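Only one structure is covered here, and it is reproduced in the block below.
Everything numeric in this text was worked out from a predicted model, so none of it was measured. Throughout, protein chains are lettered first and strands after them, A, B, ... in sequence-line order, and every chain is numbered starting at 1.
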2 protein chains.
Amino acid sequence: MAEQLKSIEEFMKSRGFKLTRPRRRVVEKLLAVKGHVTADDLIDLLRKGGTPVSRATVYRTLGIVSQSGLIDGHDFQGGKKVYEPMVGRAHHDHLFCISCGKVIEFSEEAIERLQDLVVARYRFTPVYHSHKIFGYCETCTPKPALKARRS
Amino acid sequence: MAEQLKSIEEFMKSRGFKLTRPRRRVVEKLLAVKGHVTADDLIDLLRKGGTPVSRATVYRTLGIVSQSGLIDGHDFQGGKKVYEPMVGRAHHDHLFCISCGKVIEFSEEAIERLQDLVVARYRFTPVYHSHKIFGYCETCTPKPALKARRS
DNA sequence: TTAAGACTGATACGCAGTCTCAATTTGATA
DNA sequence: TATCAAATTGAGACTGCGTATCAGTCTTAA
């Protein structure tokens, strides 16, 4: 955990940013939460935790740290970005349940390698990618015996 | 083209929607444009074409038709959705150049099949997916001889 | 201590997309 | 063809995420 913070601090230094107290609060809170959080979640958590940080700073900090690859931002529902720490974690992609909102992580080395082939084919230099599969999770999948869910 | 419109009309009928004149205008314009268009592009094109359709109707129509899989909506830049007709086209995914905005389509059967394995593993019922690779296209990729582009 | 520059926070703003609701259109039926 | 209930439309108000602004604060180095 302190290790993770250190990585982020180093990244920021290398880019000429300072890890100020408000920024540290944002990053620490993000690292402390497991799973996905929105910017507003963080703002709330910080305020409730007695260490409020302004919206602007939260957004700015997330923006800066996102560039490092140490945290990832995803857009699942459209219009609300969720963040998750990636420090020390392997890359993964997501299944998103369009009924209950559940997020399942998956990683498939073979897909990653095929992506390498694809980008090579187009002489494209990849920076990051987003691979999301939307559908119904096991519990939300309409059972054959039941009426199909009305969309 | 008329064929494509027919497919869309059938889909709408099957869902209890009418293909009214404003909706037909939106769909026809979308089919006429090759490549990607935003909702605002369509609104402009329709107005300039002398057959204006209100924002609300354009958005509603795109929303309805999107459900059919006959048109696809993508979110490349975050905050502005682009649509493309898919009628009679094979599924494909995208490379997006974060420097010039160029969009390259690719399709990789092997990746699609691996996705099937992934969803089966989690007993997930896929409805649609989005696989985007962001980076630099051939012309925007910084050449080794040149200074690296500042992000 | 001081000055330059980075950062913060309150809030105004931008903008894509949705909602509202009165007016209009549609299409099934008589 | 006339009628009417239901669906749709359009103008514009509204929502909500995220960004820009800018005066005031904090750092840092001399």
Atom pair distance, as rounded to whole Å: CG in B:Leu19 and P in C:dT25: 17 Å
Using only atom types and a distance under 3.5 Å, with no angle test, would you say the side chain of B:Ser68 pairs donor to acceptor with the backbone of B:Ile64? no
Residue of the set B:His94, B:His129, B:His131 for which ring-ring contact (aromatic ring centres under 6.0 Å, His included) holds with B:His74: B:His94
Taking any heavy-atom pair under 4.0 Å as a contact, classify A:Arg55: base, sugar-phosphate, or nothing. base
Kindly compute the distance separating CZ (B:Phe124) from NZ (A:Lys102), expressed to the nearest 0.5 Å. 9.5 Å
Short question: side chain of B:Lys132, backbone of B:Asp75 - any donor-acceptor pair under 3.5 Å? yes
Base, sugar-phosphate or nothing for B:Arg23? Non-hydrogen atoms, less than 4.0 Å. sugar-phosphate
Can you see if the side chain of B:Lys80 gets near the phosphate of C:dA16 - specifically, an N or O under 4.0 Å from OP1 or OP2? yes
Could you please name the option among C:dT8, C:dG17, C:dC7 that lies closest to any side-chain atom of A:Phe17? C:dC7
Which whole-number value in Å describes the distance from B:Arg21 CZ to C:dG27 C1'? 15 Å
On DNA chain D, which is the earliest and which the latest nucleotide, 5' to 3', with an atom closer than 4.0 Å to a heavy atom of chain A? D:dC17 to D:dT21
To the nearest Å, give me how far apart CD (B:Glu9) and C1' (C:dG27) are. 14 Å
Phosphate OP1/OP2 of C:dT18: any B:Tyr59 side-chain N/O under 4.0 Å: no
May I ask you to say whether B:Asp116 pairs ionically with B:Arg113, meaning some side-chain N is under 4.0 Å from a carboxylate O? no
Residue met sooner reading DNA chain C from 5', once B:Asp40 and B:Pro22 are mapped to nucleotides: B:Asp40
Below the 4.0 Å mark, does C:dC7 have OP1 or OP2 next to a side-chain nitrogen or oxygen of A:Thr20? no
Whole-Å distance, A:Arg60 CZ to C:dC7 C1', equals 7 Å
Please answer whether the main-chain N or O of B:Arg23 pairs with a side-chain N or O of B:Thr61 as donor and acceptor at a distance below 3.5 Å. no
Write down the distance between CZ (A:Arg25) and C1' (C:dG9), rounded to a whole number of angstrom. 13 Å
When you measure from the side chain of A:Thr141 to the backbone N and O of A:Tyr136, does any donor-acceptor pair fall under 3.5 Å? yes
B:Lys18 NZ - C:dT24 P separation (whole Å): 17 Å
Take atom CG of B:Leu42 and atom P of C:dA16, then tell me their distance rounded to the nearest Å. 14 Å
